[in-house]
There are 2 protein chains.
Amino acid sequence: MSAPNPIQPCGQSHQDCRNKDAIEALLERARQSGLRRTRALRDVVHILAEAGRPLTLADVAASRRLESRADPATVYRLLTKLEQKGLLRRLGLHQRAASYVMAFPGSHQDYLICTRCGSIEPLDIRCPVESLESLIAEQSGYSGLYHELEFFGLCPRCQAIQHPAS
Amino acid sequence: MSAPNPIQPCGQSHQDCRNKDAIEALLERARQSGLRRTRALRDVVHILAEAGRPLTLADVAASRRLESRADPATVYRLLTKLEQKGLLRRLGLHQRAASYVMAFPGSHQDYLICTRCGSIEPLDIRCPVESLESLIAEQSGYSGLYHELEFFGLCPRCQAIQHPAS
DNA sequence: GTAATTGCAAATCATTTGCTTCGTA
DNA sequence: TACGAAGCAAATGATTTGCAATTAC
């Protein structure tokens with residue numbers, strides 16, 4: 001958490017996220033936020049937590065880990081609920097369709113995105129990540145490195161709107 | 001580019017990206033990388049460049065800007081080619097399906113992703129972005145702020161493979 | 001003239017919803 | 001027992017491909 005060594009394949013420091021206790025805590029949080037302790041829920045959480053990397057819905061549904069082969073629709077609904085409860089994070093711009101931007105040479109853009117209404121504001125920040133890029137390129141052997149940085153949150157307008165339900 | 005003021009709605013500093021010269025330069029690069037100067041190409045580049053924010057394929061295809069209403073398939077192929085030439089950036093994990101990760105409290109994960117094979121490596125970097133979050137939250141009025149940071153590049157294995165074609 | 005590009009239609013694939021049955025609280 | 005969850009099937013929606021007609025070089 002505080003080691004200065006910035007770049008390592010995620011070996012140790014996140015291992016703790018995948019141990020039984022952390023997973024159990026997640027399940028407990030899930031239950032307390034209203035979800036029932038079903039086998040499918042337990043399986044989905046285990047699969048995702050132990051993967052330690054982003055998985056698609058199909059990945060989760062196809063995983064033969066744990067004996068229940070879950071229906072994609074079930075997995076989908078579980079993922080949706082877990083995301084609504086804040087226990088799960090869906091990567092990307094949170095829209096169903098892919099998004100594109102022109103790549104002007106030398107220009108780089110970061111975004112601020114509302115998790116409810118999906119509005120996207122370009123940010124004119126001095127991106128603090130650039131210096132990391134060369135370091136990562138060097139240590140990982142990747143070429144042509146670039147990055148994407150997005151901030152997500154509830155925009156002021158959406159904060160003012162009543163939550164439809166929980 | 002060097003102003004210390006870090007957060008502004010992208011007003012000026014990227015405006016230059018959208019002027020005629022920059023767009024013309026993009027089109028020129030496109031032509032030099034083998035694309036023909038068709039109306040659809042010009043329109044797509046104009047639409048994306050002038051939008052200054054991420055657009056979906058449907059956004060581009062539906063844009064009545066410039067007189068040619070382009071077929072989604074045509075737009076799709078243009079976007080694909082522009083991306084292959086490095087003139088365009090597709091946001092997100094570059095997979096067709098959405099990806100999910102468990103949100104362990106207090107843990108945050110950044111990724112290194114190969115643009116060719118799609119492999120995803122979790123990075124154990126000390127993320128330099130966290131300090132920005134509170135600043136952005138304050139200035140934007142967004143609540144519940146979090147961020148995603150992904151690095152993209154060609155992984156060593158893919159670098160070794162012959163490019164199928166250009 | 002030749003090869004890339006377009007447009008239209010159709011195929012794919014991931015996501016999402018309806019509805020009935022099942023299982024947890 | 002009541003209400004959320006699961007399973008199955010079907011609808012939706014974005015993306016992707018096939019192919020004939022067109023257009024840029």
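So that the names make sense, note that chain A is the first sequence line, chain B the second, and so on, each numbered from 1. Only this structure's heavy atoms are used, side chains among them; waters, hydrogens and symmetry mates stay out.
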Checklist entry - Between D:dG7 and A:T74, is there an OP1 or OP2 to side-chain N/O distance shorter than 4.0 Å? => result yes
Checklist entry - Could you state the CG-P distance from B:L91 to D:dA14, rounded to the nearest angstrom? => result 17 Å
Item to check | Rounded distance (Å) that lies between atom P of C:dT5 and atom CG of B:L82 | outcome: 10 Å
Next on the checklist: Output the rounded distance in Å from CG (B:L41) to C1' (D:dT23).
Outcome noted: 14 Å
Item to check | Distance, rounded to the nearest Å, where A:R36 contributes CZ and C:dT24 contributes C1' | outcome: 5 Å
Checklist entry - Does A:E121 come within less than 4.0 Å of A:R157, counting only side-chain N to carboxylate O? => result no
Next on the checklist: Less than 4.0 angstrom between a side-chain N/O of B:K81 and OP1 or OP2 of C:dA4, yes or no?
Outcome noted: no
Checklist entry - Centre of A:Y100's six-membered ring, under 6.0 Å away, within 45 degrees of the axis: is that where NZ or CZ of B:R89 sits? => result no
Checklist entry - Side chain of B:R37, base of D:dC25: donor and acceptor closer than 3.5 Å? => result no
Item to check | Distance-only side-chain donor-acceptor flag, A:H147 / B:E150, under 3.5 Å | outcome: no
Checklist outcome for this item: B:L79 atom CG is separated from C:dT6 atom C1', nearest whole Å, by 15 Å
Checklist entry - Given atom CG of B:L35 and atom P of C:dA3, what is their separation to the nearest angstrom? => result 18 Å
Checklist entry - At their closest point, which heavy atom of A:P72 faces which heavy atom of A:A61, and how far apart are they? => result CA-CB, 4.2 Å
Next on the checklist: With salt bridge (charged side-chain N to carboxylate O under 4.0 Å, His left out) as the test, pick out the partner of B:E24 among B:R42, B:R31, B:R29, B:R37.
Outcome noted: B:R37
Checklist entry - How many Å lie between CZ on B:R39 and P on D:dC25, as a whole number? => result 14 Å
Checklist entry - Could you write nucleotides 11-18 of chain C as a row of B, S and -, 5' to 3', where a protein heavy atom under 4.0 Å of any base atom gives B, of only sugar-phosphate atoms gives S, and otherwise -? => result -BBBSBBB
Checklist outcome for this item: One would report the end-axis bend of the helix from C:dG1-D:dC25 to C:dA25-D:dT1, five pairs per end and rounded to 10 degrees, as 50°
